[in-house]
Structure formats: structure tokens, C-alpha cells
Amino acid sequence: MINLEPLWLTAKLALITTIILFIVAIPLCYWLSYTRFRFKAAIEALISLPLVLPPSVLGFYLLIAFSPENAFGKFLSDYFDLRLVFTFQGLIVASVLYSLPFMVNPILSGLKNLPVALQEASFTLGKSRLTTLTKILLPNIRTSILTGIIMTFAHTIGEFGVVLMVGGSIPEETKVVSIAIYEEVESMNYQNANIYAGILFLFSFSVLLAVHLINNKTRNTTVY
Amino acid sequence: MIQIKAYKMLHTAEGELPLDISLTIEKGQFVSIYGNSGAGKTTILRILAGLTRAENGYIKVGNEIWDDSQKKFHLPVQKRSIGFVFQDFALFPNLTVKENLKFALSKNESDEMVAELIELMELQSLQDNKPHQLSGGQKQRVALARAIVRKPEILLLDEPLSALDDEMRFKLQDYILKIHQKYQLTTFMISHVIAEIFKLSDKVIVLEKGKIAKEGTPNSVFAGQKLSSKFQLTGEIISIAKSDILYIIQVSSGNNIIKVTALEEEAKDFKIGQKVLLASKAFNPIIQIL
């Protein structure tokens, strides 16, 4: 019988990553959609980088950065007693970076598609930027936000390369489902691999089905 | 009294164009801004509202300074006593009609004003609808009501009636006039329709390529003061037909189509679509290109 621990660990990782990204993405997208900052294009490109970069490349750089042998890793370990290599915390940081475009892109495109006049109308009615964002802008891009949340959650569940590089395969710490499948296959336990794979397959399909059902209703967001 | 001085470089389809205006408006006036597209009409409203900053500007409303670029002072849009009706209405799609109006209230303010405006603008039966369920004219009424909720001193209307058919247009003109008078507003309206400007405004400003070309009462601006007529109205030529020795010119003015005769030498200057003035001195109608 399969071990349920990787499933639980995967869900926990995806949930925490999604929450962090949601909190980070809203102000980031708001800033990006209204700023005339000179290097905006570079920042947007950087955010989208995980879409095209092989996960092993990102994982490799993170592994180097997090390593206590190097400045950043040493700084974290000396001042915060935080080790990001082969730990669950490290996986969270890696996932947040890796899934960033999946949260940011739908929300950003939602905000950019809103007529500028909506925000201006709110200002002429005496409302602050924060009130305008929470009461007008965000409620009007609900589907984009929902798309971002679902895609981030699903994408984090499907991670493999980054997790393998940064987290390795430590049971109850970094051994997520995708890694578990790999290990089961390595040790010829095809039946267990099959169950894990089937669960992920069904899950991923239902997620995409949900996203497309939502988008067919509204048609105002780009998913990818 | 409202004093406006503004200079700003506009980036239009035909290249760069400096907007350079200086205006003084009496409190309570209804001011129309007339001019070709790209002349800078909307920019004037936006500068007044604080949505756009003039490179060089000075705005004083009553005793309050709103903009003074020399002292680097700019009163934020939120603090200006204005109501702005956008060309595409800009109603909040996530809120119902009533919620759109209530959004404009400040914290803990009673919603008396909202109720009053719903009644005044005859929105009772629509108040729980979302904006996408409304027709153009209904949206316009909501946008107008919403702009008034804060009881602003100045109402800014950016071509509020351009998307409406004639019947709706006339009705909304009445609503605008009603609100302008009832709440003692100073109103600025961008309009392309001369008949509308005659009906609503005390003062009209004709803007050409960023400069004020003419200003004054609609009569003095559009008709020239040389005529002293019994009656006059403006319209647009919709057809020119020869009939024996005369030409018959049909002019559309408001809801009416008026037929006027013209001699051949007069008629050769007329073109379909031209804005004309029809005036009658006792018996003899005059038709003149504007």
C-alpha cells in the first residue's frame, strides 16, 4: 500500500505556496500595472522566467544560493538559524519563485484589462488607492484571481526538478508525490507509482477543467 | 470664481500640440467646451479634476488653490470638490446601481443623498440592477447621480451624451439642467452638438488646437453678433435638391427637419453635413454657414 505522507506533504506545500504568492502578487501586480518604472519590462521578464527555464536550472541556482557554504545561505543560517537546503522551508521558497508567474500573470492581465476610468472614477469619488483596490479593482478581476490561485496550487503540486535539486527526497520533510513516484519506479514498485500517478493525473485534469469552466463563463483572462 | 491657467504638451495622433489656456468662470455657470477631437477638451477637464497634471498650471476655485505648479502644489483628486462623468460612464460592474451611488458616500455618512438622487433621477426600479443590465441612457443617469452624491462644487461631463440616440439625449439634457440648478453646480460639459450647447450653457469655449479660439455666450460665439433676428436656430444640412430655379435645402435641427429655399449662387456654397444657422427676420429666412 502507498504511504500517504507524500500526498499530505505535497498538499501542505501547495497550500502554503499559494497563500504566500497571493499575498505577494496583489501588491506586485498593482504596482506593475500602474507604474511607469523604467525597468518594468525586465521585472516582468524575470517573473515569467520560470515558465521557460528548465526547473533544474532554477533548482541548481537556488541550491548554490541556499548552501551554507555561500554568502546568502551563511547569512540565513547565522542570523536566522534558517537552513533552506534539503528542508521543507527551502521547498517553500523554491516553490514561491517557481510558481510566481502562475499567480502574477493572470492577476496582472486582469488588472491591465480593466478600464483605467474605473480607478479614476473611484478617485474622483474621494476614495484612496487602497479602498479602490480592495472594493473596486479586485472584485472586478475575481476570475483572474481565482485562475491564479488554482493554477499556482496545481503547478506547485506538479513540481519535480526544483524540488529534487533543492529538497532531495527526505521522508516527511521534502519527499513530495512527484518525487515519490520517481523513487517507486526506481525501485520497480510500479503498482505504487501507478496509484500516485493516477491521483496526480485526476487532480490535474479536474483543476484545468475548473479553470476552463470559469474562463468560458467570463473570457477576460489569459491563463498562461 | 474659478480661475484656470494650464500649459501642457499633448501627444496627439497628429504629433505634439501645446495646450495653453487661461480661463475665468463665474460660480454657477454652465460652461460648454466645443472643438474638434484632439483639441485638448478632455485634458482640460482632467487637469481640473486633478487626474492629469499640467506642466505649468494654476487653478483656484473660490478661495482654495487646487494647483500651483510654481509652488509645486497639487491638491490630490480625492480632495477636490468635483463630480466627474466619464465618457464611457465607468460604473463599477461589481456593484448594483444603489451600491454604485453609496460607494461615493464617506464613512458613516447617512444615505439620504443617495435616496434623494435615486428619486430625482428616476432610478427606483433599477436600483438593484447591475450596470451590465442597463441601457446607455440608464447608465448615464446612474453615472450622473453618482457624480453628485458628494455634493461637489464642480460637475465635469466628458461628452456625456455622445453615445445616446436623440430622444434619450433630450431627456438627459433635462436631467443635467435639473441637477445643475438644484445643486447650484458649476458645470463643465464637453459637447459636439451646437443645439445642445445652446440649450444648456451660459458660456461656451471653442477650443482649436489647444488654444481658446472663441469664448462667450452660445449666441455670440456661434451666430456672430451682427444678426438681430426674431428667431434663430442651428442645424445640419441633410439634403440639397434643385427644384426649378430654386434649391431646397433640408436642415435637421433637434427633432425637426426644416426645408428652406436658397438661390443657386447661395446653394453652391452649401454642403451636406455642414453646420448652419437658420434665422428669420420677420418674413425672410436666412441660412448661413457657421
Side-chain angles (χ1 to χ4, degrees), chain A residues 22 25-27 29-31 33-38 40-41 106-150 213-222, chain B residues 42 45-53 66 74-96 99-107 109 113-114 130-132 139 142-160 188:
Chain A
F22 178 73
I26 300 282
C29 292
Y30 182 73
W31 178 70
S33 61
Y34 293 104
T35 186
R36 292 197 199 133
F37 181 57
R38 202 158 15 135
K40 183 165 127 175
I107 295 180
L108 188 58
S109 89
L111 280 178
K112 281 181 173 174
N113 283 335
L114 281 183
V116 187
L118 283 189
Q119 159 147 291
E120 293 183 337
S122 171
F123 289 169
T124 64
L125 299 172
K127 302 302 172 202
S128 66
R129 283 180 182 276
L130 187 65
T131 309
T132 305
L133 179 68
T134 54
K135 298 270 173 63
I136 302 298
L137 303 183
L138 295 184
N140 282 308
I141 56 161
R142 263 185 314 232
T143 46
S144 309
I145 294 174
L146 203 57
T147 304
I149 289 175
I150 295 174
L213 284 176
I214 294 167
N215 274 292
N216 283 351
K217 254 195 217 163
T218 50
R219 290 172 199 285
N220 62 0
T221 11
T222 32
Chain B
T42 302
L45 293 197
R46 291 179 60 88
I47 288 174
L48 197 49
L51 290 168
T52 298
R53 276 176 95 146
W66 283 11
H74 174 78
L75 189 70
V77 43
Q78 287 91 343
K79 300 237 167 84
R80 300 186 181 204
S81 180
I82 48 144
F84 202 115
V85 176
F86 291 82
Q87 200 170 5
D88 55 2
F89 318 123
L91 298 179
F92 305 130
N94 57 319
L95 304 178
T96 63
E99 286 165 349
N100 260 280
L101 300 195
K102 281 175 114 172
F103 182 77
L105 295 170
S106 33
K107 249 186 209 159
E109 197 180 338
M113 187 66 177
V114 170
K130 289 274 177 74
H132 70 90
K139 281 183 190 164
V142 179
L144 204 54
R146 189 181 66 179
I148 304 298
V149 173
R150 295 174 76 210
K151 301 186 189 133
E153 286 175 62
I154 300 179
L155 177 62
L156 303 165
L157 307 166
D158 188 359
E159 285 192 60
F188 290 80

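Note on naming: letters A, B, ... go to the chains in the order of the sequence lines (proteins, then strands), and numbering restarts at 1 for each one.
Of the listed residues B:Phe89, B:Phe84, B:Phe92, the one with more heavy-atom pairs under 4.5 angstrom with chain A than any other is B:Phe92. Considering only heavy-atom pairs separated by less than 4.5 Å from chain B, the leading option among A:Ser128, A:Pro139, A:Ala121 is A:Ala121.
Using non-hydrogen atoms only and a strict 4.5 Å limit, the part of residues 142-155 of chain B facing chain A consists of B:Arg146, B:Arg150.
For A:Lys127, the side chain to side chain contact (heavy atoms under 4.5 Å, CB included) partners two or more places apart in sequence, or in a different chain, are A:Ser122, A:Thr131, A:Thr132, B:Phe103. Contacts of A:Lys112 classified as salt bridge (charged side-chain N to carboxylate O under 4.0 Å, His left out), with partners at least two apart in sequence or in another chain: A:Glu44.
In terms of heavy atoms, A:Ala117 sits closest to B:Phe86 at CB-CD2, 3.9 Å. When all heavy atoms of A:Asn140 and B:Asn94 are compared, the pair lying nearest together is ND2-OD1, 3.0 Å. For the pair B:Gln78 and A:Arg129, the tightest heavy-atom approach, listed with the atom from each and the gap, is NE2-N, 4.4 Å. Residues B:Leu91 and A:Leu118 share a closest heavy-atom pair of O-CD2, 3.3 Å.
Rounding to the nearest 0.5 angstrom, the gap separating the CD atom in A:Gln119 from the CG atom in B:Leu51 is 10.0 Å.
Among residue pairs with one or both ends in residues 81-92 of chain B, none qualify as salt bridge (charged side-chain N to carboxylate O under 4.0 Å, His left out); sequence neighbours excluded.
For B:Leu105, the part lying near chain A is the backbone, with the side chain staying farther off; criterion is any non-hydrogen pair under 4.5 Å.
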